[in-house]
Chemist: 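I have a structure here, written as structure tokens, and I will follow up with some questions on it.
In what follows, every heavy atom counts, from backbone to side chain, and hydrogens, waters and symmetry copies are set aside. Quantities reported herein were computed from a predicted structural model and do not represent experimental measurements.
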Amino acid sequence: MRLVFWQNCLSPHQLPYIVHLLDDMRVDEVVIVAGETVSDARKKMGWAIGMFDGLERCKVYIAPQNGIIESLLALRQNESLHFFSGIHADAFVFKCLSISMKFDLHRGMITERPNTYNFRWNIRNGKPYWMHRLRFFIQDRKYAKKMEYVFAMGMEAVYYYKSLGLGWKVYPFCYCTQTIQGKSDISKFTAPQYVFVGSLSPWKDPFTLLRAFTTINNGMLKFVGDGELKEKLLQEIQKNNLQENTHVVGSVSINQIPDYLYSSDVLVLPSLY
């Protein structure tokens, strides 16, 4: 079997399982086609690929021309399964999906649920499910008919895509990270160590964690990450006199994240979406 992944970038949230698919004796080839290696925005967050263990076993194409895209789609059609990361999640992936419609392929989609979140932090780009359903049946149904599988991130996504009733095989799916061995050093602390790892953005809502921490005011809290709410978060920390036990670390390399996890008791990520 030949597995082909069409993605916006080489994601450290998906590569950890992709590079192990060749360990399955049923799989003889894994292909990854991405619009870019890592986006500038992700690089600022600390993402880096470098030599990802096992990636050398896969065939990797970055921003290929249309001719190469077509040749990858045409190869071993009956023996290949193509996984597209969403239908409209990324312009490059959508282009590849559109080109693929000329071929008789086995297709799967890896996707999160629709963005329904709205009316907080003045974010108003979320839409209720009925609007997503309407847009889907008007705009995406022609692509959906050619999709056999949906690998849905989170149970809300599973329920949503099953509810569309298109005969898809819908499977619960998840992001993952590379397993890294390390040594915990939390025993040297007498008070609980809490850590937040993520973007300091409205979607991750760091203020919910800060308010909760303010009520207990016990231990140490570290915010690892950067984003548009950083300055406001620093102001809130100062306002509540939490400078001694609340630290905003900022962006660090993705390779340093395990060090912060191993030195903490609890990881808290109050994600709104």
Chemist: Can you measure from OH (Tyr159) to CZ (Arg113) and round to the nearest 0.5 angstrom?
Modeler: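 It is 13.5 Å, given to the nearest 0.5 Å.
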Chemist: On the ring face of Phe207, is Lys232 found with NZ or CZ under 6.0 Å from the centre and within 45° of the axis?
Modeler: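 Yes - Lys232 lies over the ring of Phe207, closer than 6.0 Å to its centre and within 45° of its axis.
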Chemist: Can you get from Leu75 to Val60 by hopping between Ile, Leu, Val, Met, Phe, Trp and Tyr side chains that sit under 4.5 Å apart?
Modeler: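 No; Val60 is not reachable from Leu75 via cluster members.
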Chemist: Any sub-3.5 Å donor-acceptor pair from Gln256's side-chain atoms to Ser253's backbone N or O?
Modeler: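 Pair found, side chain donor or acceptor close to backbone of Ser253.
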Chemist: If only atom types and distance count, is the side chain of Thr246 paired as donor or acceptor with the main-chain N or O of Gln243 below 3.5 Å?
Modeler: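 No, the answer is negative, given that no donor and acceptor are paired below the 3.5 Å cut-off.
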Chemist: Any salt bridge between Arg57 and Asp23, counting N to O under 4.0 Å?
Modeler: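 Yes, charged N to carboxylate O under 4.0 Å.
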Chemist: Tell me whether Leu242 shares a hydrophobic cluster with Val266, the cluster being built from Ile, Leu, Val, Met, Phe, Trp, Tyr side chains joined at under 4.5 Å.
Modeler: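 Hydrophobic grouping puts Leu242 with Val266.
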Chemist: Would you indicate whether Gln77, at its atom CD, is surrounded by more than 12 heavy atoms from other residues, nucleotides or ligands within a distance under 6.0 Å?
Modeler: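 Atom CD in Gln77 is crowded, with more than 12 foreign heavy atoms closer than 6.0 Å.
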Chemist: Can you name the one residue among Ile99, Ile69, Ile110, Leu97 that meets side chain to side chain contact (heavy atoms under 4.5 Å, CB included) with Trp6?
Modeler: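 When side chain to side chain contact (heavy atoms under 4.5 Å, CB included) is applied between Trp6 and each of Ile99, Ile69, Ile110, Leu97, only Ile69 qualifies.
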Chemist: Is a donor from one side chain sitting under 3.5 angstrom from an acceptor on the other, for Tyr175 and Glu112?
Modeler: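 Per modelled atom types, Tyr175 and Glu112 side chains form a pair under 3.5 Å.
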Chemist: Check step by step if side-chain contact (heavy atoms from CB on, under 4.5 Å) holds for Leu221 and Val195.
Modeler: CA-CA 6 Å; Leu221 170 61; Val195 65; over 6 Å; no
Chemist: Set out, in order, the CA-CA distance, both residues' side-chain angles and the distance that settles ring-ring contact (aromatic ring centres under 6.0 Å, His included) for Phe213 and Phe223, then state yes or no.
Modeler: CA-CA 12 Å; Phe213 185 69; Phe223 288 92; 8.5 Å; no
Chemist: Among Glu79, Met1, Arg76, exactly one meets side chain to side chain contact (heavy atoms under 4.5 Å, CB included) together with Glu29. Which residue is that?
Modeler: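 With Glu29 as partner, Glu79, Met1, Arg76 yield a single side chain to side chain contact (heavy atoms under 4.5 Å, CB included), made by Arg76.
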Chemist: CG of Asp104: more than 12 outside heavy atoms within 6.0 angstrom?
Modeler: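 Not buried by this count: 12 neighbours or fewer within 6.0 Å.
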Chemist: Locate the shortest heavy-atom distance separating Leu21 from Val27; write the atom from each residue and the value.
Modeler: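 Heavy-atom minimum between the residues: O-CB, 3.5 Å.
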Chemist: For a quick test of reading the model, state the closest non-hydrogen atom pair linking Gly35 to Ala63 and the distance between them.
Modeler: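 Heavy atoms of Gly35 and Ala63 come nearest at O-CB, 3.4 Å.
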Chemist: Return the minimal non-hydrogen interatomic distance between Arg26 and Asp24, and the atom names on each side.
Modeler: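 The pair with the smallest heavy-atom distance is NH2-OD2, 2.6 Å.
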Chemist: Quick one: does Arg107's side chain have a donor or acceptor within less than 3.5 Å of a partner on Ser100's backbone?
Modeler: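 Side chain of Arg107 to backbone of Ser100: a pair is present.
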Chemist: Linking I/L/V/M/F/W/Y whenever their side-chain heavy atoms sit closer than 4.5 Å, directly or via other members, would Met220 and Val268 fall into one cluster?
Modeler: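 Met220 does not cluster with Val268.
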Chemist: Do the side chains of Glu70 and Lys102 get close enough for a salt bridge, i.e. N-O under 4.0 angstrom?
Modeler: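 Looking at Lys102 together with Glu70, the answer is yes, because their closest N to O distance falls below 4.0 Å.
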Chemist: Check whether Arg2 reaches the backbone of His82 with its side chain - one donor and one acceptor, N or O, closer than 3.5 Å.
Modeler: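 Looks like no, no N/O pair under 3.5 Å.
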Chemist: Under 4.5 Å between side-chain heavy atoms, counting indirect links through other Ile/Leu/Val/Met/Phe/Trp/Tyr residues: same cluster for Met25 and Leu3 or not?
Modeler: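 Result: no, two separate clusters.
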Chemist: Looking at Pro206 and Ser201, what are the two nearest heavy atoms and their distance?
Modeler: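 So the minimum-distance heavy-atom pair works out to CD-O, 3.5 Å.
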Chemist: Please determine whether residues Trp168 and Met155 belong to a single hydrophobic cluster, defined as Ile, Leu, Val, Met, Phe, Trp and Tyr linked transitively by side-chain heavy-atom distances below 4.5 Å.
Modeler: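 In one cluster: yes.
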Chemist: Any donor and acceptor pair, going by atom type alone, linking the side chain of Asp265 with main-chain N or O of Gln193 inside 3.5 Å?
Modeler: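 Flag set: sc Asp265 to bb Gln193 pair under 3.5 Å.
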Chemist: What do you reckon, are the aromatic ring centroids of Phe151 and Phe84 less than 6.0 Å apart?
Modeler: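 Ring-ring flag for Phe151/Phe84: false, centres at least 6.0 Å apart.
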Chemist: Do you know which two heavy atoms are closest between Val158 and Pro172, and how far apart they sit?
Modeler: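 What the structure gives for the nearest pair is CG2-CA, 3.7 Å.
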